[in-house]
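Take a look at the structure set out below.
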Amino acid sequence: MTEPAVTDAGDSGFCRLRLDVGYEGTDFAGWARQTDQRTVGAVLEDTLATVLRIPVRLTVAGRTDAGVHATGQVCHTDIPVSALQTRSIGGDPSLLVGRLAKMLPDDVRVKEIASVSGDFDARFSALRRHYEYRLTDARWGAEPIHARTTATWRRPLDVDAMNAASASLLGLNDFAAFCRRREGATTIRDLQQFSWTRHAGGVLVGQVSADAFCWSMVRSLVGAVASVGDGRRDIDWCRGLLAETQRSSQVPVADACGLCLVRVDYPADDELAERNTVTRDVRRAGGCCGG
């Protein structure tokens, strides 16, 4: 995706806004705009366009799939400075948060809006993405109040075995076995954290962090280690998947409902341009499966 060039607002008449977003993804067909589908990106773009009275295009840190949630999604957009010079906004983009809260549906919220450097890119500036995965092995399934955000695993899970399997996958590896193939896209990723804790009520919470993720990678990682946790597979099998060069049919894909993007990390402002260059070079060399 090619971004419009943005310079200092005083020279170009444009400014770049960062939006911090949360959504409950059950009733969305993912982030990316699709014909005849309700998507997070389309709802946000259309609502912003109504408020600002200009077309709006958002660039997002990670294009989540259908049914996936977020509490820490990040996106950016470039808009004319003049669009903020209304009586209700007065040049302060943070005042858009209240306006949007009145117009957006209950399952998506813009929590913060701020002007940022033209070097900030929600996608290419990101250092790493952090996800959580909620899973229950309780015999009765998920608590009803959390049923839309917690996946159910029908076999008892050994959290120690899951942590051992998760640890075996850490580091810079080719995760082809865990990714849905996209032509020309690299499947090499740096998995920096993957661990599990058990909570009351039979709930397990996984923490998964990487520089970026391939399409369906997190849910496949969860499915693989849960298969170790329920005793059907062993750690050697899990680690051995890293030797595969294409998507493995042996890896189950965990339900989307348990997955939530909780945070995206970015460098300091004076390091943004360098980070963008590094990330774009990687993408040009090997493609990208997306966040």
Side-chain angles (χ1 to χ4, degrees), residues 1-4 17-80 83 96-97 99-111 113 121-124 126 129 131 133-134 142 146-152 178-185 212-220 222-223 247 252-262 264 283 287-291:
M1 180 182 295
T2 302
E3 296 301 323
L17 300 181
R18 167 177 167 162
L19 291 77
D20 290 74
V21 178
Y23 45 89
E24 205 272 30
T26 304
D27 297 326
F28 288 105
W31 174 275
R33 184 182 289 271
Q34 302 177 51
T35 303
D36 298 326
Q37 296 283 338
R38 182 176 185 260
T39 68
V40 180
V43 168
L44 286 171
E45 287 175 346
D46 293 346
T47 306
L48 280 163
T50 298
V51 171
L52 296 172
R53 300 181 181 180
I54 56 169
V56 173
R57 186 182 70 182
L58 296 171
T59 297
V60 69
R63 290 173 293 179
T64 49
D65 291 337
V68 176
H69 319 292
T71 58
Q73 181 68 277
V74 180
C75 52
H76 80 257
T77 187
D78 300 323
I79 65 168
L96 286 168
V97 172
R99 294 282 303 278
L100 292 169
K102 297 176 182 179
M103 300 181 66
L104 287 168
D106 290 341
D107 51 1
V108 58
R109 281 290 179 268
V110 176
K111 300 188 283 186
I113 303 179
D121 187 293
R123 179 187 178 195
F124 289 109
R129 284 90 169 163
Y131 283 88
Y133 195 91
R134 287 178 55 90
H146 298 301
R148 286 163 67 96
T149 58
T150 305
T152 298
F178 301 90
C179 298
R180 294 182 183 174
R181 179 173 174 77
R182 284 184 175 175
E183 193 65 34
F213 290 93
C214 306
W215 188 18
S216 86
M217 177 175 162
V218 181
R219 293 164 58 198
S220 297
V222 171
R247 167 79 185 166
V253 180
D255 290 343
C257 69
L259 186 58
C260 182
L261 175 61
V262 296
V264 184
R283 299 298 184 252
C288 178
C289 295

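Numbering of residues begins at 1 and proceeds along the displayed sequence.
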Salt bridge (charged side-chain N to carboxylate O under 4.0 Å, His left out) contacts in which one or both residues fall within residues 22-32, not counting sequence neighbours: Glu24-Arg148, Asp27-Arg148
May I ask you to test the Arg33-Asp46 pair for a side-chain heavy-atom distance under 4.5 Å? yes
Begin from the C-alpha positions of Arg180 and Ser220 and carry the test side chain to side chain donor-acceptor pair (under 3.5 Å) through to its verdict. CA-CA 9 Å; Arg180 294 182 183 174; Ser220 297; over 6 Å; no
With heavy-atom distances below 4.5 Å as the criterion, would you say the side chains of Thr26 and His69 are in contact? yes
For His76 and Ala122, indicate whether the former's side chain and the latter's backbone hold a donor-acceptor pair under 3.5 Å. yes
How far apart are the closest heavy atoms of Ala61 and Gln73, and which atoms are they? CB-OE1, 3.6 Å
Checking Asp20 now: which residues fulfil side-chain hydrogen bond (donor to acceptor under 3.5 Å, both in side chains) with it, not counting sequence neighbours? Arg18
Could you grab the distance from atom CE of Met103 to atom CG of Leu96, nearest 0.5 Å is fine? 11.0 Å
How would you list, by chain and number, every residue that makes a side-chain hydrogen bond (donor to acceptor under 3.5 Å, both in side chains) with Arg109, sequence neighbours excluded? none
Quick check for you: to the nearest 0.5 Å, what is the distance between Asp255 atom CG and Arg219 atom CZ? 7.0 Å
Interatomic spacing from CG in Leu17 to CG in Leu52 - rounded to 0.5 Å: 8.0 Å
Quick one: does Arg129's side chain have a donor or acceptor within less than 3.5 Å of a partner on Ala212's backbone? no
So CZ of Arg247 and CH2 of Trp215: to nearest 0.5 Å the spacing works out to 11.0 Å
Identified side-chain contact (heavy atoms from CB on, under 4.5 Å) counterpart of Tyr23 within the set Thr71, Thr64, Val43: Thr64
Just wondering, do Thr39 and Arg63 contact through their side chains at under 4.5 Å, heavy atoms? no
Side-chain touch Leu48/Leu58, heavy atoms, less than 4.5 angstrom: yes
Side chain proximity check, Arg38 to Asp107, heavy atoms < 4.5 angstrom: yes
Check whether any side-chain heavy atom of Leu100 lies under 4.5 Å from a side-chain heavy atom of Ile113, and answer yes or no. yes
Under a 4.5 Å cut-off applied to non-hydrogen side-chain atoms, are Asp78 and Thr59 in contact? no
Can you confirm whether Asp65 sits close enough to Leu259 that some side-chain heavy atom of one is under 4.5 Å from a side-chain heavy atom of the other? no
Thr152 side, atom OG1; Arg134 side, atom CZ - distance, nearest 0.5 Å: 11.0 Å
Can you check whether His146's main-chain N or O pairs, donor with acceptor, with Thr149's side chain at less than 3.5 Å? yes
At their closest point, which heavy atom of Ala256 faces which heavy atom of Ala66, and how far apart are they? CB-O, 3.3 Å
